[in-house]
Amino acid sequence: ANEQVIDGRGWRSGALVETRELTQWFFKITQYSDELLSALGALDKWPEKVRTMQANWIGRSEGMLIRWALDKASAPKGQSELEIYTTRPDTLFGASFMAIAPDHPLAKAASEKNRALAGFCDECRRLGTSVADLETAEKMGFDTGIRAIHPFDKDWLVPVYVANFVLMDYGTGAIFGCPSGDQRDLDFALKYKLPVVPVILPAGEDAKTFAIKDKAADGDGTMINSKFLDGLSTKAAFEEAAQRLETTKLGKSAVGQRNVNYRLRDWGISRQRYWGCPIPVIHCDDCGIVPVPAKDLPVKLPEDATFDKPGNPLDRHPTWKNCACPACKKPARRETDTMDTFVDSSWYYARFTNPTSETPIDPKAAAYWLPVDQYIGGIEHAILHLLYSRFFFRAISDSGHGPESNNLREPFEALFTQGMVTHETYKSADGKWLPPNEIKIVGEGAARTATELSNGQPVEIGDIIKMSKNKKNVVDPDEIIGHWGADCARWFMLSDSPPERDVAWTEAGVQGAGRFVQRIWRLIEDAAGKAAPAGAPMPSAFGDDALALRRSAHKTLAQVGRCIEGLRFNVAVAQLYDFTNQFSAALGKSSTGLDWAIGEASQVLTKMIGPMMPHLAEECWSRLGYNTLLANEPWPAADPALLVDDSVTIAVQVNGKRRDELTIARDASNEDIQAAALKLEAVVRAMEGRLPKKVIVVPHRIVNIVG
RNA sequence: GCCCCGAUGGCGAAACUGGUAGACGCGCCGCACUCAAAAUGCGGAGCCGAGAGGCGUGCUGGUUCGAUUCCGGCUCGGGGCACCA
């Protein structure tokens with residue numbers, strides 16, 4: 001944190017802000033709302049989903065702040081106007097009430113002389129805190145008796161209600177209600193018998209017959225019942241109303257002002273718990289809030305805290321919180337709140353660029369390494385961790401603690417959100433969750449049944465869900481590694497599902513991976529005995545089978561390389577299975593130069609499995625006679641000449657239906673392909689004697705005969 | 001309520017920019033080896049049909065010589081946000 005604490009919300013960068021009587025600490029992420037939102041567009045290596053989620057979370061809306069004069073006769077003393085926020089100034093002529101939050105200053109002022117109103121506000125606060133049934137909470141309002149003057153008509157008085165659905169911390173905590181144009185306002189108006197004047201005529205409706213019943217017209221349309229706005233589209237009406245409000249004065253300044261609002265709130269980092277970094281400030285009766293001097297950082301947690309009671313162990317620790325004020329040296333108190341753990345995860349990647357640096361971040365190392373080229377994490381971090389990190393990285397840079405680089409704003413260049421490992425769940429007869437190693441499963445498919453190992457009681461087999469300690473559907477990694485080996489576990493997880501999707505951990509699946517591990521070992525063993533010695537010169541000619549093996553090896557190499565680059569590991573695995581099948585078959589053949597091709601294939605296969613099964617690959621490498629570490633070997637290059645075949649197989653369709661296929665020289669002309677296709681027996685039969693009207697030939701792919 | 005994503009065999013899935021749907025694996029079936037089992041090897045299979053053939057990528061229209069892929073409407077499933085003015 002910055003060493004300067006600045007009061008209120010006039011904060012710039014890096015400071016902790018005290019905002020309430022009860023000290024709660026915030027980071028002013030809202031300072032960056034606009035940048036965090038607009039910069040999302042440039043994160044083209046992030047999933048669209050995550051960018052959308054962040055954009056929604058930041059929640060930008062363009063609207064207007066409008067000041068309504070209050071009718072003097074009805075307003076409490078000292079209150080002369082009410083400022084509201086709206087995104088729909090175009091619907092102002094449909095206004096039939098104002099609504100303010102129970103905590104709005106005007107509500108408080110009015111409550112002083114109105115006990116019933118004060119009671120209503122208290123009731124709202126009480127209900128408001130039990131968030132549980134916010135969803136079903138009924139809209140409630142209370143007429144304050146105050147009247148506001150319509151900005152477009154000084155003789156039009158609008159009643160001011162306190163309403164439970166208006167939030168103090170969004171906009172200005174006050175709205176105007178247009179029942180015909182907003183469903184929530186309509187519900188409220190119907191309940192309190194307020195006027196409903198249609199102002200938007202949806203396309204296709206007739207102005208003479210159009211009426212609002214219980215469904216508001218909240219879309220676009222043409223303005224009606226709106227005086228000078230009549231006939232305009234909603235968009236044009238917004239502009240017209242906005243311009244008039246901007247140029248009309250109330251007192252010294254304009255009635256209306258265009259304004260951008262964000263849903264994003266400041267980041268409350270205060271936690272009343274032991275496990276977290278202490279917020280490094282000291283409370284002094286004379287000096288107020290004083291930052292802990294840099295030389296005394298970090299503030300360490302006491303090691304003798306007790307956890308026998310609920311509440312914050314730091315707060316009730318007998319001595320830890322007592323200290324001297326760094327400014328005046330008088331006795332003072334430490335802040336006992338600790339930081340949200342998301343604070344730490346917001347900059348660890350920058351620290352990692354030089355973990356021994358004296359300063360939190362080494363500007364040179366950070367500039368050299370950052371941004372992170374490829375960040376991988378779960379989708380559960382889509383908003384909080386990833387948004388906080390984007391903010392924090394900017395904040396540390398703007399406060400002079402970041403990388404030595406002018407325009408490094410984003411910490412993570414590319415983002416990949418991987419799926420989770422899931423497992424079946426098991427429940428005992430008395431409703432307790434059971435771990436997989438305490439049950440026995442018999443039968444297959446729909447006939448599978450499970451029993452408890454300890455007592456033979458029947459067990460219910462449940463859904464396949466994310467592994468969690470709570471549901472006990474967990475397989476201990478140590479057990480997996482002990483039984484199957486780490487390579488097998490890796491291989492299974494990579495092979496089964498694309499990495500962005502969940503993967504279901506199943507015993508059968510791991511067995512399959514285990515078999516493949518054995519198979520590779522046997523294959524390399526066999527191949528080592530048949531291969532030309534390492535370093536033997538490449539023969540000048542190859543027989544058909546030797547050439548086929550080489551082609552297969554090089555094609556697989558090219559594909560696996562592409563798949564790994566694209567994080568498509570399951571496809572890479574499939575290619576490796578495929579190649580292994582072909583390699584095995586080739587070992588039984590005899591062909592000119594086959595021994596050399598086998599040597600090459602062994603080497604290539606070993607290198608390809610290296611990133612996924614490093615232990616096995618090293619063993620294979622050694623078995624092949626190399627005394628180096630495979631991990632230090634470069635990724636092999638595929639020979640482009642071996643990636644294309646001399647002949648291609650293309651499908652032949654008649655009227656869009658596949659009838660046969662055709663193998664022909666790769667460089668055959670369209671005429672040759674067409675002629676060969678028309679001669680095929682299945683084609684002749686399907687044509688039933690008709691002449692082709694049209695023949696489409698797509699070289700190397702397909703022939704479609706229309707007729 | 002608003003926004004986003006997805007739907008392919010018994011299962012996990014693959015299919016480059018509209019061009020042979022189901023690669024590869026799991027499971028299954030058959031065979032070989034074995035006293036037997038496991039392991040291993042070989043072979044089979046989308047569904048219907050003896051076969052020829054027909055039907056098939058959630059449903060339904062459309063564009064196209066050709067649609068899992070593009071467009072419209074719908075159904076179901078998953079996720080995010082949610083009195084946001």
Side-chain angles (χ1 to χ4, degrees), chain A residues 47-57 59-61 63-64 84-88 91 98-99 101 128 134-139 163-167 169-178 181-185 187-188 218 261-265 379-380 382-383 444-446 491-492 495-498 501-504 506-513 515-516 518-519 522 559 562 568 570-581 584-585 588 649-662 685-686 692-707:
Chain A
E48 189 61 46
K49 182 187 168 95
V50 174
R51 291 195 282 166
T52 308
M53 280 166 72
Q54 291 209 353
N56 291 341
W57 184 261
R60 181 190 153 100
S61 75
M64 289 198 89
I84 57 102
Y85 174 70
T86 182
T87 55
R88 299 299 299 268
T91 64
M98 316 292 287
L134 246 182
E135 206 172 315
T136 52
E138 205 175 327
K139 313 231 175 312
N164 65 339
F165 60 84
V166 180
L167 307 172
D169 53 1
Y170 186 80
T172 62
I175 60 164
F176 84 88
C178 172
D182 182 282
Q183 191 60 44
R184 186 199 50 208
D185 293 347
D187 295 344
F188 188 80
D218 53 7
N261 235 299
Y262 297 92
R263 210 189 65 93
L264 184 66
R265 300 272 74 93
I379 187 71
E380 70 273 20
I383 295 171
E444 265 155 20
W491 185 257
F492 169 62
S495 68
D496 212 42
S497 294
R501 262 184 245 182
D502 290 349
V503 57
T506 61
E507 191 68 13
V510 191
Q511 278 171 20
R515 275 201 297 273
F516 185 70
Q518 301 299 328
R519 193 170 160 215
R522 283 195 312 270
Q559 281 167 334
R562 260 201 308 277
R568 302 172 69 245
N570 59 320
V571 185
V573 165
Q575 307 283 2
L576 286 167
Y577 270 112
D578 211 1
F579 176 60
T580 304
N581 290 340
S584 298
T649 302
I650 57 184
V652 181
Q653 296 180 334
V654 174
N655 292 328
K657 271 185 198 285
R658 181 185 174 279
R659 292 296 170 184
D660 203 350
E661 59 184 29
L662 181 67
R685 206 180 324 139
K693 288 185 193 137
K694 191 173 170 187
V695 180
I696 290 126
V697 180
V698 182
H700 306 164
R701 287 194 195 279
I702 208 161
V703 178
N704 190 10
I705 297 153
V706 186

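Below, read A as the first sequence line, B as the second, and so on, with proteins coming before strands; counting in each chain starts at 1.
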Is there side-chain contact between A:Asp185 and A:Phe176, with heavy atoms separated by less than 4.5 Å? no

If the C1' atom of B:A85 is compared with that of B:U75, how far apart are they to the nearest Å? 34 Å

Using atom P of each nucleotide, how far apart are B:G79 and B:G54 to the nearest Å? 43 Å

Would one find a side-chain N or O of [X] under 4.0 angstrom from OP1 or OP2 of [N]?
X	N	answer
A:Tyr577	B:G25	no
A:Arg263	B:A82	yes
A:Arg685	B:G53	yes

Is it the case that B:C81 (base atoms only) and A:Asn56 (side chain only) share a donor and an acceptor within less than 3.5 Å, ignoring hydrogens and angles? no

Under 3.5 Å, is there any donor-acceptor pair linking the side chain of A:Lys139 to the base of B:C83? yes

Can you list everything that forms a side-chain hydrogen bond (donor to acceptor under 3.5 Å, both in side chains) with A:Arg658? Sequence neighbours excluded, please. A:Glu661

Could you say whether A:Asp496 or A:Phe165 is positioned toward the 5' end of RNA chain B, judged by the nucleotide with the nearest heavy atom to each? A:Asp496

In dot-bracket form, how is RNA chain B paired, counting a Watson-Crick or G-U wobble pair only if both its distances are under 3.5 Å and using | for bases paired to another strand? (((((((..(((......[....))).(((((.......))))).(((....)))..(((((..]....))))))))))))....

Let's see if you can work this out: which of B:G12, B:C26, B:C83 has an atom nearest to the side-chain heavy atoms of A:Ala508? B:C26

